[in-house]
Q: 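Sending over a structure as C-alpha cells; questions will come in a sec.
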Amino acid sequence: MDKPYQAMSGVEVLPAHFPIPGVGFLPVNAFVIKAREPVLVDTGMGIDSEDFMKALESIIDPQDLKWVWLTHDDADHTGNIQKVLEAAPGARLAANSLAVLRISTACPLPMHRVYWLNSGDSISVGDRKLTAVRPPLFDNPTTIGIYDSKSETFFSADCFGALLLSPARNADDVPEGDLAQGMISWACGDNPWVHMVEPTIFRKALDRIRQMAPKMIFSAHLPPARGKDGQFLELLARVPTSAPFVAPNQTALEQILAQMRGGS
Ligand SMILES: [Fe+2]
Ligand SMILES: [Fe+2]
C-alpha cells in the first residue's frame, strides 16, 4: 500500500501498486467518497490486508461508513471485504447480485446488509446520487462503475487502467506516450473479447461516457485523471483493432526466474 491522499474535495484514494514482472506496475486503487453517507469503493488486495485497514482508518472511522460499493468481485477489489464489513457494521454492501453470489462461494456475506444493483440503478447517499454504470471495458460480468452526481466524476472499475513504468499519484505525472501504451496494453490484456467487437459498435459504448463527460476519472488501475476523458476515449477506440495481447508463457517465466536468481 502507498500513502492515502485526497484526489479532489470529498474523494480520497487508497492506492497500491502491484508489480508486474518485466513490465512495471499496475495501480490498484480503492476510494472513499466522503458523502453524507460515506462510501468505500472496493476493498483492496488481500496481500495488503493490515495496511489496507490502517490506510482506511487514517481516512475515516470505519464505523462511520454507510456503504461499501464493490465494482466487481475480482480478487484485487474484494481482498478485504470481510474485514471491512466487520469493522463497518453500519455499512451496506452495494454490488451486482452475481458478484455477491460469487463471493458467497468463498466466504459468507451478511445478505441482510446487501443492496443489489444493475447498471442504471442508483442509490442516494445523502448529499448525492450514485448511479451504477457498466463501463465500456470490463473483465467481469458483475462490473458496475459509479457516476457520482455531486462531484460529476466516474469511478470506472478496471476501465481506463494502465500498466505503468513507475507509480504515480496523478495521470498528468505519467509521460503521455507511456500512458497511451500502458492503457492500450492493459485494455487488450484485460479484455480479450474486445477484438471480437465491431469497432463502430464499441464506439457507441465509448460515446456513452463521452456524453457523461466526467470531470475526473477514478479508475481502479490508473492514477486519478482530470479532464482526460476525450483523450482516453480516443485511445480506447483504437483497442479493437490493436494487436491482441499474448500472455507470457513458460519460456518467459524461466527467463524471469533466471533474472531473479541473477539479481539475488
Ligand atoms: Fe477486474
Ligand atoms: Fe481490477
Side-chain angles (χ1 to χ4, degrees), residues 1-2 4 7 11 13-21 23-33 39-49 51-52 55-56 68-81 84 93-107 117-119 132-146 153-164 167-168 171 174 179 182-197 202 205 209 217-225 232 235-236 239 244-245 247:
M1 285 288 302
D2 304 328
V11 178
V13 187
L14 294 162
H17 287 89
F18 188 73
I20 310 283
V23 176
F25 296 87
L26 179 69
V28 180
N29 301 319
F31 304 93
V32 173
I33 305 174
V39 185
L40 172 65
V41 181
D42 288 335
T43 66
M45 297 183 283
I47 50 166
D48 285 335
S49 187
D51 286 348
F52 183 87
L56 177 62
V68 178
W69 182 302
L70 272 189
T71 61
H72 58 303
D73 68 324
D74 284 353
D76 50 326
H77 303 254
T78 62
N80 301 294
I81 183 73
V84 167
L93 178 65
N96 181 261
S97 56
L98 295 184
V100 172
L101 293 175
R102 284 155 48 129
I103 294 167
S104 301
T105 64
C107 65
L117 292 162
N118 287 326
S119 186
V133 176
R134 174 182 273 181
L137 289 176
F138 53 93
D139 66 358
N140 176 315
T142 72
T143 302
I144 44 172
I146 305 170
T153 57
F154 182 38
F155 295 78
S156 63
D158 289 356
C159 188
F160 303 111
L163 299 165
L164 301 180
V174 183
L179 185 68
M183 188 175 286
I184 288 184
S185 297
W186 169 254
C188 290
D190 199 44
N191 307 274
W193 54 265
V194 77
H195 297 292
M196 296 186 285
V197 176
F202 185 57
I209 305 303
I217 289 175
F218 294 114
S219 169
H221 301 306
L222 185 79
F232 288 177
L235 276 174
L236 292 194
V239 174
F245 173 79

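Remember, it's 1-based here, ligands and their atoms both numbered in the order they're listed.
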Q: Checking Ser219 now: which residues fulfil side chain to side chain donor-acceptor pair (under 3.5 Å) with it, not counting sequence neighbours?
A: none
Q: Using the test side chain to side chain donor-acceptor pair (under 3.5 Å), find all partners of Asn118 that sit at least two apart in sequence or belong to another chain.
A: Asn96
Q: List the steps, then state whether side-chain hydrogen bond (donor to acceptor under 3.5 Å, both in side chains) holds for Asp76 with His221.
A: CA-CA 10 Å; Asp76 50 326; His221 301 306; 3.0 Å; yes
Q: Would you say Phe155 and Val11 make side-chain contact, with heavy atoms under 4.5 Å?
A: yes
Q: Does Arg134 have any salt bridge (charged side-chain N to carboxylate O under 4.0 Å, His left out) partners at least two apart in sequence or in another chain, and if so, which?
A: none
Q: Taking 2.8 Å as the limit, list every protein N, O or S atom around the Fe ion (ligand 2), by chain and residue number.
A: Asp76 OD2, His77 NE2, Asp158 OD1, His221 NE2
Q: Less than 4.5 Å apart, any side-chain heavy atom of Asn80 and any of Leu56?
A: no
